[in-house]
*Asks:* 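Below: one structure in structure tokens.
What's counted below: heavy atoms across the whole structure, side chains too, no hydrogens, waters or symmetry copies.
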Amino acid sequence: MSAYTRLLLVCVSLASLVGCSDDPQQDSNIRSQGFVYCGQDKPTTFNPQLIDGGLTADTLAAQLFDRLLLLDPVSHQPLPSLAKSWNISNDGLAYTFVLREGIEFQTTDWFKPTRQFNAQDVVFSFKRVIQSDHPFHAVSGGRYPWFDSQGFANLIEDIQVVAPLTVKFVLSRPDNAFLANLATTYAVIHSQEYAEQTLRAGKPDQLDSLPVGTGPFYLDSYQANDFVRLNRHEGYWLGAAPMEQVVFDIASRGTGTLAKLLSHECDVLSSPVASQLPIISANEDFSLNAQTGMNVAFLALDNNQPELSDIRVRKAINHAINRENLLNSVYYGTGTKARSILPPMSWAYNHGSQALDYDPAKALALLKEAGYDKNLALTLWVPLEPRPYNPSPRKTAELIQADLNAVGVKVDIITQDTVSRFSAIDKFNSDLILTGWIADNGDPDNFLRPLLSCDAKQAGLNVANWCNLSFDNLLELASRTPKLNQRLNYYHLAQDILDTEVPIVPLAHGVHFQVHHKSLQGLQMSPFGTRSFSTVFRSEI
């Protein structure tokens, strides 16, 4: 069933769906004033502050919300967005932002704003995250994984309204990555007025399930396991988007999405499987775009497990995995072998230790030395959703399973549809976790701190459950020093610790592919995930 047909069916039961015709497949407005996006899993929330990845963080957030800053996709430097300018105090502890005026929040069936965006909204959006006694902090679970992994609650001492359109962040210490972090997909701005309305109604969780932002599109309707429909925000501050609606088809995975693309039921396919690329490239109706991503696929080794607390076992697992085979069989030559958690395009990239290369004989010797001579059994948690850093997680897991079996390690694979790392820890207590990361900004800290710091272990993003104070101290020094060469040295030393301790096994860096019908123009890709659809238009029907 196509996304257009499903839209017709739900018109009967969802009054909020407007513009449905008797036959959506023949409604010219659908193709001239909207498009269907396929290729990502269902959202668990519409507030990216509450998650560590998935459809909301990767794609929906850029449509529903704005941030204070954006990142230049080429230079990786912060650009103005809701904040039109900013200044930093000489001691690096105070960041003052001057906000744009005249910015309208979205009008929806559940909220009609009576005022424009101002500094109060900024204060509310961040204090909810960092203050445990805030009335919204515990709403929807009270977990803010990305912010917690960055130690935001300890970094930000205060957020102050200086004037209606001026806000100041006071930090406890200098942080070179602070501006870049405010530009991430997680640092969205909510409406304080709407939050107060939900609180008065006794339904504060609606802030996260029925979102209101200042972005180019607003949520019109959501059918679980079926579709998400966004409508154009007519009052968008950069001008109303050319497209009146965007439909996210979330009803099927794998080859089903390719079939929908080829049958023109979908206009955009995100992150196609590498094996599908030749079929797509041969079809003249579609354009295939590629973006070298700031990403990494890796295998996390749970250091809390007795067997994996032994560094010899961790090194043996690393030596047993044939990355070249992964590149050929999973990435079809489109990926790059990972020698560090940082991708080669990072300015702090370290080539990694040659001593950790594929060497099954060395793996066998280390396992025997550790007392696990063909008697080690482990579980491997695998999310099934294809991602830019891993186009086929199941196949990757099966290859790793075969590699480890070859050195006497039995691996049981546990699969899950979604990419949430919390499930690996909270539900399955897995020994090995196949996961990855897409950078939110170009700072090396954005890989190292949220994935491997002690704060990240407490937050749940550090699924290796590894905490090393020397590593954390190097990150702290790198965040404080204004000298780039010193920062580079600290980050190289931090990566040396990872090479020695092997809390994770870096596997590959992927290329982000996106396919769209040639009639669609204005789709923009970024190393940091999906950009706003506010510039997308259809050039022909």
Side-chain angles (χ1 to χ4, degrees), residues 37 39-65 67 71 129 140-141 143-150 152 181 183-188 208 211 228 248 250 253 270-271 291 293-300 341 343 381-394 396-397 415-428 430 433-441 446-453 456-457 459-464 504 506-510 512-514 525-531:
Y37 185 101
Q40 289 188 292
D41 205 356
K42 61 185 178 182
T44 56
T45 177
F46 289 103
N47 182 2
Q49 295 175 327
L50 301 172
I51 51 178
D52 66 317
L55 175 62
T56 296
D58 295 346
T59 307
L60 288 175
Q63 320 314 325
L64 298 170
F65 298 100
R67 289 98 72 189
L71 285 175
V129 172
S140 302
R143 298 181 77 170
Y144 304 87
W146 186 85
F147 292 95
D148 293 343
S149 70
Q150 296 281 351
F152 253 56
N181 285 337
T184 66
T185 188
Y186 302 100
V188 297
D208 308 313
V228 179
F248 292 83
I250 56 175
R253 305 296 312 143
S270 173
S271 304
Q291 170 69 59
M294 292 282 284
N295 64 55
V296 63
F298 63 91
L299 185 69
I341 192 171
W381 177 82
V382 182
L384 297 180
E385 182 182 356
R387 304 285 285 151
Y389 52 73
N390 191 341
S392 184
R394 182 189 289 275
T396 300
T415 60
Q416 180 177 314
D417 290 337
T418 61
V419 298
S420 174
R421 294 163 178 82
F422 298 144
S423 299
I425 297 175
D426 295 345
K427 293 182 181 179
F428 301 126
S430 299
I433 299 97
L434 181 63
T435 184
W437 186 254
I438 300 173
D440 310 300
N441 58 61
N446 189 252
F447 279 89
L448 301 171
R449 192 181 297 272
L451 296 178
L452 290 162
S453 69
K457 178 181 177 180
L461 281 189
N462 180 349
V463 290
I504 64 167
L507 299 173
H509 307 289
H512 184 195
F513 291 97
Q514 187 180 84
M525 299 185 71
S526 166
F528 313 116
T530 303
R531 298 177 69 181

*Asks:* Under the side-chain hydrogen bond (donor to acceptor under 3.5 Å, both in side chains) test, which residues partner Ser270, sequence neighbours left out?
*Replies:* Tyr37

*Asks:* Short question: side chain of Thr185, backbone of Ala57 - any donor-acceptor pair under 3.5 Å?
*Replies:* yes

*Asks:* Restricting to side-chain hydrogen bond (donor to acceptor under 3.5 Å, both in side chains), what partner residues turn up for Asn295, sequence neighbours left out?
*Replies:* none

*Asks:* For the CE atom of Met525 and the NE2 atom of His512, what is their distance to the nearest 0.5 Å?
*Replies:* 4.5 Å

*Asks:* Which residues pass the side-chain hydrogen bond (donor to acceptor under 3.5 Å, both in side chains) test with Asn47, sequence neighbours left out?
*Replies:* Gln49, His190, Asp208

*Asks:* Spell out, as yes or no, whether a donor-acceptor pair under 3.5 Å connects the side chain of Asn441 to the backbone of Thr184.
*Replies:* no

*Asks:* Can you confirm whether Pro393 sits close enough to Thr415 that some side-chain heavy atom of one is under 4.5 Å from a side-chain heavy atom of the other?
*Replies:* no

*Asks:* Who pairs with Arg67 by side-chain hydrogen bond (donor to acceptor under 3.5 Å, both in side chains), at least two apart in sequence or on another chain?
*Replies:* none

*Asks:* Can you sort out the partners of Phe147 under ring pair (Phe, Tyr, Trp, His ring centres under 6.0 Å), two or more places apart, ordered by chain and number?
*Replies:* Phe152

*Asks:* Applying side-chain contact (heavy atoms from CB on, under 4.5 Å), can you list everything that pairs with Ala183, at least two apart in sequence or on another chain?
*Replies:* Leu69, Leu71

*Asks:* Would you say that Pro388 contacts Ile438 through its side chain, given a criterion of any heavy-atom pair below 4.5 Å between the two side chains?
*Replies:* yes

*Asks:* Would a distance-only check, ignoring hydrogens and angles, find a side-chain to backbone donor-acceptor pair under 3.5 Å from Tyr186 to Asp52?
*Replies:* yes

*Asks:* Measure across Asn462 and Ser453 and return the closest heavy-atom pair with its distance rounded to 0.1 Å.
*Replies:* ND2-O, 3.1 Å

*Asks:* Just jot down the side-chain contact (heavy atoms from CB on, under 4.5 Å) partners of Pro450, sequence neighbours excluded, or say none.
*Replies:* Ser149, Gln150, Trp437, Leu461

*Asks:* Residues two or more places apart in sequence or in another chain: which of them pass side-chain contact (heavy atoms from CB on, under 4.5 Å) with Ala397?
*Replies:* Leu380, Val382, Ile413, Leu434

*Asks:* From Leu299 CG over to Trp381 CH2, what is the distance, rounded to the nearest 0.5 angstrom?
*Replies:* 11.5 Å

*Asks:* Got a sec, which residues hit side-chain contact (heavy atoms from CB on, under 4.5 Å) with Asp148, two or more places apart in sequence or on another chain?
*Replies:* Tyr144, Ala459

*Asks:* Could you go through Leu448 and Ile341, starting from their C-alpha distance and side-chain angles, then the distance that decides it, and tell me whether this counts as side-chain contact (heavy atoms from CB on, under 4.5 Å)?
*Replies:* CA-CA 8 Å; Leu448 301 171; Ile341 192 171; 3.5 Å; yes

*Asks:* Rounded to the nearest 0.5 Å, how far does OG1 of Thr59 lie from CG of Leu64?
*Replies:* 11.0 Å

*Asks:* My understanding is that only residues two or more places apart in sequence, or in another chain, count here; which of them pass salt bridge (Lys or Arg N to Asp or Glu O under 4.0 Å) with Asp58?
*Replies:* Arg387

*Asks:* Report the C-alpha distance between Trp146 and Asp440 in whole Å, list the side-chain angles of each, state the deciding distance to 0.1 Å, and finish with yes or no for side-chain contact (heavy atoms from CB on, under 4.5 Å).
*Replies:* CA-CA 10 Å; Trp146 186 85; Asp440 310 300; 2.9 Å; yes

*Asks:* Where do Phe298 and Pro506 come nearest, in terms of heavy atoms and distance?
*Replies:* CB-CA, 3.9 Å

*Asks:* Hey, what do you get for CZ (Phe248) to CG (Leu60), rounding to the nearest 0.5 Å?
*Replies:* 4.5 Å

*Asks:* What's the separation between atom OG1 in Thr396 and atom CG in Leu507, rounded to the nearest 0.5 Å?
*Replies:* 7.5 Å

*Asks:* Above 12 or not: heavy atoms from other molecules or residues under 6.0 Å from CZ of Arg531?
*Replies:* yes

